[in-house]
Amino acid sequence: MCVGLSAKVVKVEKGTALVDASGARREVSASLLKDLEPGDYVMVHAGVAIAKITDEDEPETDRLLEELL
């Protein structure tokens, strides 16, 4: 099973993004996504931002993650 984590993009620079996931900040690869900007939400898996998600997707994603844990 693969689990992704939703995170808010804080900063984008040279193919990496600083993301905030419930207060935990980390740098992830942003090379798979084009036009990524601060304020966007992304799905992160294994240190890579793999997809943009909308603001409306985040509560459901967080709920599903809590159920898994």
Side-chain angles (χ1 to χ4, degrees):
M1 172 173 64
C2 296
V3 177
L5 177 67
S6 66
K8 185 175 183 177
V9 176
V10 176
K11 178 178 160 184
V12 180
E13 187 174 279
K14 299 180 185 175
T16 63
L18 176 64
V19 298
D20 184 309
S22 300
R25 289 187 173 198
R26 65 180 59 224
E27 286 191 2
V28 300
S29 172
S31 61
L32 295 179
L33 304 177
K34 297 182 191 265
D35 302 324
L36 197 59
E37 298 181 12
D40 289 341
Y41 284 88
V42 293
M43 182 64 59
V44 177
H45 175 70
V48 179
I50 59 172
K52 279 187 182 183
I53 55 177
T54 66
D55 293 340
E56 293 81 28
D57 293 331
E58 187 189 17
E60 182 178 359
T61 302
D62 289 343
R63 181 187 59 77
L64 291 170
L65 182 59
E66 286 178 16
E67 287 180 12
L68 289 171
L69 299 176

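The basis for the numbers below is simple: all heavy atoms, side chains too, and nothing from hydrogens, waters or symmetry mates.
In terms of heavy-atom proximity, P38 sits nearest to V10 at CB-O, 3.4 Å. In plain terms, the two heavy atoms of L33 and V42 that are nearest each other are CD1-CG1, 3.9 Å. When all heavy atoms of S6 and A21 are compared, the closest pair comes out as O-CB, 3.8 Å. Of all the heavy atoms in A17 and V9, the pair that sits closest is CB-CG1, 4.4 Å.
Under the 4.5 Å side-chain heavy-atom criterion for grouping Ile, Leu, Val, Met, Phe, Trp and Tyr, V44 is not connected to L18 through any hydrophobic cluster.
Residues satisfying the side-chain hydrogen bond (donor to acceptor under 3.5 Å, both in side chains) test with E13, not counting sequence neighbours, are none. Residues that satisfy the side-chain hydrogen bond (donor to acceptor under 3.5 Å, both in side chains) test with S29, not counting sequence neighbours, are S31. Residues forming a side chain to side chain contact (heavy atoms under 4.5 Å, CB included) with L32 (at least two apart in sequence, or on another chain): V48, I50.
Residue pairs meeting the salt bridge (charged side-chain N to carboxylate O under 4.0 Å, His left out) criterion with at least one partner in residues 17-38, sequence neighbours excluded, are D20-R25.
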